[in-house]
Amino acid sequence: MVIKTYDAYTRLSTMETARLTNFIFDHQDGKKASKNAIRKAIQYSAKEIPGLGGYVFVIEEREKILGLAVVNKTGMGDYIPENFMVFFVVHREHRGKNIEPKLLEYTLQYCKGDVAVHITNENQYPKEAFFKENGFDVTHTEMRLNR
């Protein structure tokens with residue numbers, strides 16, 4: 001098992017971006033993000049589109065993706081966390097097999113500063129309890145005006 005890190009210095013190919021996008025799309029639970037939204041978050045993290053960048057962490061075994069995390073840097077820090085974990089997705093067949101804690105531990109060690117994650121609903125995996133068990137606290141309720 002290996003964890004790969006992609007960022008502004010370790011670029012993703014177009015094919016790898018598509019592979020990661022498809023993995024997230026196929027294995028996400030809860031409110032589903034579109035492939036376009038997933039691709040944008042990955043491209044932002046790898047600085048393929050303008051922005052502060054971030055990280056994509058992929059845990060694999062024999063070229064098969066077991067899980068991945070996409071983290072975008074916010075550039076804030078004083079009033080919002082420096083990092084926002086946009087996606088944290090584990091392959092359905094490998095859930096509960098110790099992938100989640102390994103991937104989260106690696107992600108948190110790599111990211112400098114605070115890390116936020118949104119929990120969209122009860123159908124999301126991993127559930128809110130997983131993040132609470134790993135030190136995350138509920139800090140606020142987000143309300144959004146979508147236009």
S.K.: Ignoring hydrogens and geometry beyond distance, is a side-chain donor-acceptor pair present between Thr5 and Tyr106 at under 3.5 Å?
M.R.: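 Checked: Thr5/Tyr106 side chains pair up, N/O donor to acceptor below 3.5 Å.
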
S.K.: Using side-chain heavy atoms (C-beta onward) and a distance below 4.5 Å, is Asn134 in contact with Glu105?
M.R.: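 No, every pair of side-chain atoms sits at 4.5 Å or beyond.
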
S.K.: With a cutoff of under 4.5 Å between side-chain heavy atoms, which Ile, Leu, Val, Met, Phe, Trp and Tyr residues group with Ile80?
M.R.: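 Cluster partners of Ile80: Met76, Tyr79.
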
S.K.: Do side-chain atoms of Thr74 reach the backbone of Pro81 as a donor and acceptor pair under 3.5 angstrom?
M.R.: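 Looks like yes, one N/O pair under 3.5 Å.
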
S.K.: Indicate yes or no: at least one non-hydrogen side-chain atom of Val117 is less than 4.5 angstrom from one of Val115.
M.R.: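 They are not in contact (no side-chain heavy atoms under 4.5 Å apart), so the answer is no.
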
S.K.: Looking at Glu16 and Arg19, does any basic side-chain N land under 4.0 Å from a carboxylate oxygen?
M.R.: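 Arg19 and Glu16: salt-bridged.
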
S.K.: Evaluate the side-chain proximity of Tyr44 to Val86: yes if any heavy-atom separation is below 4.5 Å, no if none is.
M.R.: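 They are not in side-chain contact.
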
S.K.: Can you list the steps and then say if Asn83 with Lys112 is a side-chain hydrogen bond (donor to acceptor under 3.5 Å, both in side chains)?
M.R.: CA-CA 8 Å; Asn83 303 283; Lys112 304 288 187 257; over 6 Å; no

S.K.: Should Phe23 and His91 count as side-chain neighbours, where that means a heavy-atom distance under 4.5 Å?
M.R.: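 Yes - at least one pair of side-chain heavy atoms lies under 4.5 Å apart.
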
S.K.: Please determine if Arg95 and Glu100 form a salt bridge, counting it only when a charged side-chain N lies under 4.0 Å from a carboxylate O.
M.R.: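 Salt bridge absent between Arg95 and Glu100.
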
S.K.: Under 30°, 30 to 60°, or over 60°: which ring-plane class applies to His118 and His140, parallel, tilted or perpendicular?
M.R.: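 Ring orientation of His118 relative to His140: perpendicular.
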
S.K.: Write down the atom of Ala69, the atom of Phe88, and the distance for their closest heavy-atom approach.
M.R.: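 Between these two residues, the closest heavy atoms are CB-CD1, 3.9 Å.
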
S.K.: State, with a plain yes or no, whether a side-chain heavy atom of Pro126 is found less than 4.5 Å away from one of Phe131.
M.R.: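 The answer is yes; the side chains approach within 4.5 Å.
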
S.K.: Can you confirm whether Arg92 is buried at CZ, in the sense that more than 12 heavy atoms of other residues, nucleotides or ligands lie under 6.0 Å from that atom?
M.R.: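 Yes, CZ of Arg92 has more than 12 neighbouring heavy atoms, counting only those of other groups under 6.0 Å.
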
S.K.: Rounded to the nearest 0.5 Å, what separation is found between the CG atom of Leu12 and the CG atom of Leu20?
M.R.: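 So the gap between those two atoms works out to 6.0 Å.
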
